[in-house]
Amino acid sequence: MRNLRNIGLAAGLALSVSVSALNAYASEPTVPPAPTPFPAEGKINYVARDSILEFKALPEYHEPDWVTEKYVKTGKLPPVKDRLPKEPLVFKTGNMQDGIGVYGDTMRHVIGGRPEGWNYGAGQTQGWGGIDIGLSECLTRTAPLFQVEAKDTEPLPNLARSWDWSSDGHKLTMHLVEGAKWSDGVAFNADDVMFYWDDEVVDPNVSPLNGATQETFGVGTTLKKIDDYTVEWTFKEAFPKQYLYAMAYGTFCPGPAHILKPQHPKYSKNTYDQFKNAFPPEFMNMPVMGAWVPVEYRPDDIIVMRRNPYYWKVDEKGNQLPYLNELQYKLSTWADRDVQAVAGSADFSNLEQPENFVASLKRAAEANAPARLAFGPRLIGYNLRMNFSANGWGNPDERGQAVRELNRNEDFRKAVTMALDRKALGDSLVKGPFTAIYAGGLSSGTSFYDRDSTVYYPFDLEGAKAELAKAGLKDTDGDGFVNFPAGTAGGKNVEIVMLVNNDYTTDKSLAEGVVAQMEKLGIRIVLNGLNGTQRDASQYSGRFDWLVRRNDQELTSVVQNTEQLAPVGPKTSWNHRAPESGEVDLMPFEKDLVDIVNKFVSSEDNDQRASLMREFQKISTEHVYNVGLTEYPGALIINKRFSNIPQGTPIFMFNWAEDSIIRERVFVAADKQAKYELFPQELPGKPGDKGPMD
Ligand code: BQZ
Ligand code: CA
């Protein structure tokens, strides 16, 4: 357990190293200074990919006794063996840190988001923080791969239990788990997969929550049903194995077609808006393939989920999972999640806001601390992203259009990046060895990162002002802010609206730091702070000039959400998309990035993939595709009563820790179980009914 004395020591070292690096004023691009080493705690036990799970029939199956007594013996549910697939997904005991578990207890989450409704496939958030992760089962699964060496990694089977490539590599035949059921007992099959693909991904009027489009799986990719448990992908490229990652959480998690299809405009009189909003948060018992089903929703208070009696995963003794009977999601703030997790009134947090590091470390270091806290690698990072669309994405007014033209001017982008004092930005969040100067591009925590391929424009305010003048901007009315040239946006001061997520103190702190530093450069920034849901809506529709955004999987793992690295399709980049009708107006360096990403996706050669990512890193940082701000390590906070938490789980890599710890295998030993369950011995009810089954 790291304690504060060590941190003080390391912090001292850190300050001496970084001050000398910063005194070297140089406007020549260089490589980022070596970050202060931050040893991740809890070393990961690396394992072989096939040591985690398999699909097979077992001689017998079990369930909690109260399910047998109260539901099976009364005829409300069929026997557990009839509720499971012929060959369920079996988690191997060897990969379970504390072995076979016991039933009981709950995991109490706290989240800062709020549910819009249960229609994930049509883009509704459930409030994040692990709710959608718990509900969604996807064709493949990648989060647990943090424990598998990068070289022999391939996504794990999940709803797709196996797959075969055609000899020419353009076809992938996928075999679905047979006999699995939704939580309301209706069979899961290829119709669910095809509804998601045809009517939610390919249908241009629908955008699934994590933004999957047809191009997420390759331009021109098609998918068709072969039979109830077989689907076939056809790709333009040969052997694009990369897309198996896109078939995991976020981008290929089918919903219940038997519930969704009747509400879809193609099969009803509904508008697309009515389809999206057909399952409001009050609609309880939405059928899921996940381990827990929402049975209670109290606005601004709590969401409660109960175990799915048809869950299609077991342990090697045949115990139907999950072990935990309930999940709770208290509807509060992200900062409160840290506070409650270390205090013991909640059970889980991804410590990702540096403002809470010191207080959380102090509380977790106390002898009677209820929670374990372990830092991982530097995988949390923030970028300032500029809207590069000059052909109408977001329908800008004259001022907005003029800003977009500036964003596309490399001298302007260099001025911005050189005016940033990244050390000061990091220190404004937390002092000590945590934050590091981040030039942008791939996260230093990913195995694809190469510091020598990273172009960093050091802090140099005078040099930045010279670049701004080169971009044609002068303060023509002497008020300290540069103006547009006469004839553009009325020759007024350049004023840039920056979108920021108000749900996080860190996002706001960084945004305020950028505003102050841009003022010194002579650029006026106006903050547009919105909550996460509104921020996402503004961002996806291109209604922003700049935005501050925490990094997503494409920068922390590269192989997950790879398409978001560059505008490979009309709606794949975070800050450069096509307007309704047109193309993405790519700049020359962006064309290079797109080519590199497309080559990366269809390469099977690990050395070639590594060198493609070094090329990507060089081009994207040299041309300032995104403006790095800071990066730092996150810490996993978990209440000490839980077992089967894999050692060294990073809070974020292929996905968040709510996925990586594999919650369906987590248990609480009988002698440590607390009486926190809000609906003890209750099971979910029928779709749309109020609360648990009566
Ligand atoms: C983790 C995560 C689980 C989304 C969300 C939230 C949304 C973004 C991002 C994180 C929250 C937590 O992150 O901060 O620790 O629990 O939920 O999904 O920031 O606003 O749109 O990308 O993952
Ligand atoms: Ca001015």
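Numbers for residues simply follow the sequence, beginning at 1. Both counts, for ligands and for their atoms, begin at 1 and track the order of listing.
The atoms of ligand 1 that sit less than 4.0 Å from any heavy atom of Trp334 are 11 (C), 12 (C), 17 (O). Near Asp552, with a cut-off below 4.0 Å to any heavy atom, the atoms of ligand 1 are 22 (O). Those atoms of ligand 1 with a heavy atom of Asn350 less than 4.0 angstrom away are 1 (C), 10 (C), 15 (O), 16 (O). Within ligand 1, counting atoms from 1 as listed, the ones closer than 4.0 Å to a heavy atom of Arg549 are 22 (O).
If you check which protein heavy atom lies closest to atom 16 (O) of ligand 1, you get Glu658 OE2, 2.6 Å. Counting only heavy atoms of the protein, atom 10 (C) of ligand 1 lies nearest to Glu352 OE1, 3.5 Å. Given atom 21 (O) of ligand 1, the protein heavy atom at minimum distance is Asp536 OD2, 3.2 Å. Protein heavy atom nearest atom 13 (O) of ligand 1, with residue, atom name and distance: Arg550 NH2, 3.0 Å. Summary of contacts: the protein heavy atom closest to atom 23 (O) of ligand 1 is Trp656 NE1, 3.0 Å.
When all heavy atoms of Glu631 and Arg378 are compared, the closest pair comes out as O-CD, 3.9 Å.
Annotation: cation-pi geometry not satisfied between Arg141 and Tyr249 (NZ/CZ under 6.0 angstrom from ring centroid, within 45° of ring axis).
Among the atoms of Asn493, an N, O or S atom falls under 3.0 Å from the Ca ion (ligand 2). Among the atoms of Phe481, an N, O or S atom is found under 3.0 Å from the Ca ion (ligand 2).
Ligand 1 has Asn501 within reach: a non-hydrogen atom of the residue lies less than 4.0 Å from it. Heavy-atom distances between Gln126 and ligand 1 stay at or above 4.0 Å for every pair. Within the structure, the closest approach of Tyr504 to ligand 1 falls below 4.0 Å when heavy atoms are considered.
Aromatic ring centres of Trp574 and Phe544: separated by at least 6.0 Å. Less than 6.0 angstrom separates the ring centroid of Phe252 from the ring centroid of Tyr196.
Geometry about the Ca ion (ligand 2) gives an angle of 70° between OD1 of Asp477 and OD1 of Asp475, rounded in steps of 10 degrees. With the Ca ion (ligand 2) as the vertex, OD1 (Asn483) and OD1 (Asp479) define an angle of 170°, rounded to 10°.
Looking at Thr140 and Tyr243, their side chains never bring a donor and an acceptor atom within 3.5 Å of each other. A donor-acceptor contact closer than 3.5 angstrom links the side chains of Gln242 and Thr562.
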Show your reasoning for whether side-chain contact (heavy atoms from CB on, under 4.5 Å) applies to Trp128 and Trp334. CA-CA 10 Å; Trp128 306 100; Trp334 296 114; 4.1 Å; yes
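In this structure, Tyr625 and Phe388 have tilted ring planes: the angle between them lies in the 30° to 60° band. Using a 30° and 60° split on the angle between ring planes, Phe375 and Phe434 fall in the tilted class, from 30° to 60°.
Using a distance-only test at 3.5 Å, with no hydrogens or angles considered, no donor-acceptor pair links the side chain of Thr476 to the main chain of Asn483. Side-chain atoms of Arg550 never come within 3.5 Å of backbone atoms of Thr506 as a donor-acceptor pair (strictly under, hydrogens ignored).
Only side-chain heavy atoms of Arg337 come within less than 4.0 Å of ligand 1; its backbone N, CA, C and O stay farther off.
Relative to atom 18 (O) of ligand 1, the option among Gly129, Ala657, Gly250 with the closest non-hydrogen atom is Gly129.
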